[in-house]
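These notes concern the structure reproduced below.
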Amino acid sequence: EKLKEFGYEGLETHLNEWDPFAQEFGTAHHSAEVAAMMLALQNGHVDLCCIYDMRTTNAPYCPLFDIRTHKPIHAYYSMVAFNTLYQLGTQVEAVSDNERVYAVAASDGTHHALMISNLSGMTQELNIEGVDLSKAKYHVIDQERLLSWSPAVSAIENNMVLLIEW
């Protein structure tokens, strides 16, 4: 409102150098927080978000790679999952009835994806309506799996990120 009042409506906005729960790099919770932040920002007023930072030689500020091995860790895969939505190009409706379960869906008209991050503190039953998921592919990020294939998922555990493609 204030930006509009002062003639800056439509101003490009950036969230730079963010990283939730930095003390938890390499955990499912950190990955779910990063995913939830991106999903929430997608439905907000931020045009660009830049995580801090990706240099593997800059401990302790490397949320995407293990600073000893330089291999990707949990939050990296949240970004890979979000990129699946980005590549599809068009956001489509996805609604969560829990304010701590974040969801965004995208489509290119032929291929579709839904990304969900659960920070509710408990397992949540999934009730996905209006689409045929009989041939869907499920990918999970949790403490043990890093965007790994999974059989069909009917509930999302706390601190889990789920990507469904159909």
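These values consider heavy atoms only, across backbone and side chains, with no hydrogens, waters or symmetry-generated copies.
Shown here are the ring pair (Phe, Tyr, Trp, His ring centres under 6.0 Å) partners of F25, two or more places apart in sequence or in another chain: H30. In terms of the side-chain contact (heavy atoms from CB on, under 4.5 Å) criterion, residue partners of D108 (sequence neighbours excluded) are, by chain and number, L88, T110, H111. Legend: residues meeting side-chain contact (heavy atoms from CB on, under 4.5 Å) with S134, ordered by chain and number and at least two apart, are D132.
Within the model, atoms OG of S31 and CG of L146 stand 8.0 Å from one another, a figure rounded to the nearest 0.5 Å. To the nearest 0.5 Å, the span separating CG on L162 from CD1 on I116 amounts to 5.0 Å. Atoms CZ and CE, from R145 and M160 in turn, are 5.0 Å apart once rounded to the nearest 0.5 Å. Put simply, CG on D142 and OG1 on T27 are 11.5 Å apart, with the number rounded to the nearest 0.5 Å. Interatomic distance, OG of S150 versus CG of L163, reported as 11.5 Å (0.5 Å rounding). Atom-to-atom distance recorded for C62:SG and R68:CZ is 11.0 Å, nearest 0.5 angstrom.
Around atom CG of D97, no more than 12 heavy atoms belonging to other residues, nucleotides or ligands sit under 6.0 Å away. More than 12 heavy atoms of other residues, nucleotides or ligands lie within 6.0 Å of CD in Q23, so this atom counts as buried by the packing criterion. Remark: E5 CD is packed, more than 12 non-hydrogen atoms of other residues, nucleotides or ligands lying under 6.0 Å away.
For N83 (side chain) and Y86 (main-chain N/O), no donor-acceptor pair under 3.5 Å exists by modelled atom type. Looking only at distances, a side-chain donor or acceptor of H74 sits under 3.5 Å from a matching main-chain atom of Q143. Although no hydrogens or angles enter the test, the distance criterion places a donor-acceptor pair under 3.5 Å between the side chain of S117 and the main chain of A32. Using modelled atom types, one side-chain atom of S96 and one backbone atom of V101 make a donor-acceptor pair closer than 3.5 Å.
M38 and Y76 fall within the same hydrophobic cluster, where Ile, Leu, Val, Met, Phe, Trp and Tyr residues are linked whenever their side-chain heavy atoms come under 4.5 Å apart, directly or through other members.
Summarising the hydrophobic clusters (Ile, Leu, Val, Met, Phe, Trp, Tyr; side-chain heavy atoms under 4.5 Å, direct or chained), the residues clustered with W149 are none.
Of all non-hydrogen atoms in G26 and I73, the two that sit nearest each other are N-CD1, 3.5 Å. The two atoms that bring V34 and S78 nearest to each other are CG1-CB, 4.4 Å, heavy atoms only. Shortest non-hydrogen contact noted between L85 and A113 is CD2-O, 3.6 Å.
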Give the table of side-chain donor-acceptor pairs shorter than 3.5 Å for residues 39-49, with sequence neighbours excluded, one pair per line with atom names and distance.
from: Q42; atom 1: NE2; to: Q91; atom 2: OE1; distance (Å): 2.8
from: N43; atom 1: OD1; to: Q91; atom 2: NE2; distance (Å): 2.7
from: D47; atom 1: OD2; to: T13; atom 2: N; distance (Å): 2.7

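E1 and K4 are not joined by a salt bridge, as no carboxylate oxygen comes within less than 4.0 angstrom of a charged side-chain nitrogen.
Residue pairs meeting the side chain to side chain donor-acceptor pair (under 3.5 Å) criterion with at least one partner in residues 153-166, sequence neighbours excluded, are T123-E157, H139-E165.
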